[in-house]
*Asks:* 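Would you mind keeping the following structure in view while I ask a few things?
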Amino acid sequence: MERLLDRFLSYVSIDTRSDEDSIEHPSTGGQLQLARLLAAELDRMGLNKIHLTPQGYLTAELAANSDHAIPTIGLIAHLDTSPEVSGQDVKPRLFRNYDGQDLVLNPVQNLILKLEDYPELRGYVGQTLITSDGTTLLGADDKAGLAIIVTLIAHLLDHPAIPHGKIMIAFTPDEEIGRGTDFFDVAGFGADWAYTIDGGPVGELEYENFNAAAARINIRGINVHPGTAYLRMKNALMIAMELQALLPDQSRPEYTRGYQGFFHLNKLSGSVEQAEMNYIIRDHDRSELDRKKTFLQDCINSLNDKYGPGTVVVQIQDQYYNMREKIEPVFYIVELAEQAMAELGIIPLVKPIRGGTDGARLSFQGLPCPNLFTGGHNFHSRYEFISLESMQASVQVLLRMIELLAISPVSG
Ligand SMILES: [Zn+2]
């Protein structure tokens, strides 16, 4: 456990921002650099079957040390950090025995993590807080996950008296740009189920995410000189606005939360002649997502009735689904985490993810995969922070889960 902080600080020193515009796998070289460093560390620790693919997927195995039939679980974290904020030359700042005041991240640039903006800081008095210097992100998302998993494995190797089944670990690239499972070999990984260690504050436990679809809309107008347009012009831009006006006003990201789904217009461009609109459609309930897709299609049909067939053309494509439907049949994998937390006095914070996760994709590839906390706050921000004690709590929860599994292996 002592080396948890050192590990975390060493991983955040490598710039591993992923890059959406790259066609390489992984999208950036820094991720491979970190993967190689981790592979060497796992090798020194004595892990088996360490495998790093050219695409930047690092997997390794901790062999079982018990004769009992214990399920094989997988632990997954991602190597990359968000491209939204710089991850170059991260200079972590340590605030030991936090005093509950505003945190001055950078006195020169006057960058301050303020209690009034982040009241959750109050919960960390007396702990060791880690931030960046305010000019970059910290990278706790998800280098905390990496450090937690490596520390857990090191602990198990140092304490062979703790019985455990086979444990598979995977460190994956390009999660932040939605490519984190493109080359994940689920069959080769061979775990019965897995957990991504990629969540926020202590207790966070997620096994529900959006069902997602994307709609690409093309509108064909007719342009004539505005002076002679009477009953002849069809303005594609006006039709686009009409379509948006037909959609429920409150079903937009800025007016929804929790389990409320939405239509999100994220691209609108065009001229009188032609216009394009892109929507993403989200809902935790799959049949509700289907209703939203049908509703959009109905709106488009009515515009085509009004302006002529083929005026508005739409392509709707499903993107990903709510992992809950894959988790429910094996719900003991969530209960295992809840029980471990309860025994450690941690209240599980179960909340629906308003997005997708690598775990959701893996769940549909046959590897059920809820998400567990790392302890971090303000991911993808220069105000990202995490406490050492939170990361330690994550290690403890995982350790307890592994112990519980060895004592009374659940039957799948
Ligand atoms: Zn993450």
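For clarity, every value in this text was computed on a predicted model and none was experimentally measured. Start at 1 and go down the list; that is how both ligands and their atoms are numbered.
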*Asks:* Strictly under 6.0 Å, is that where the ring centroids of Y279 and F262 end up?
*Replies:*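 Centroid separation for Y279 and F262: 6.0 Å or greater.
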*Asks:* Side chains of W193 and V330: closer than 4.5 Å at any heavy-atom pair?
*Replies:*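 Contact flag for W193/V330 side chains = no.
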*Asks:* Mind checking how many protein N/O/S atoms fall short of 2.8 Å from the Zn ion (ligand 1)?
*Replies:*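 If we list every protein N, O or S atom nearer than 2.8 Å to the Zn ion (ligand 1), we get 4.
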*Asks:* Do Y320 and F364 have their ring centres less than 6.0 Å from each other?
*Replies:*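 No: the rings miss the under 6.0 Å criterion.
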*Asks:* Please report the interatomic distance CD1(I353) to OH(Y207), rounded to the nearest 0.5 Å.
*Replies:*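 Reported to 0.5 Å precision, the distance equals 11.0 Å.
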*Asks:* Any chance the side chains of T28 and Q31 put a donor and an acceptor closer than 3.5 Å?
*Replies:*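 Yes, because at least one side-chain N or O of T28 sits under 3.5 Å from a partner of the opposite role on Q31.
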*Asks:* Mind checking salt bridge (Lys or Arg N to Asp or Glu O under 4.0 Å) for D283 and listing every partner two or more places apart, or none if nothing turns up?
*Replies:*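 So D283 forms a salt bridge (Lys or Arg N to Asp or Glu O under 4.0 Å) with K292.
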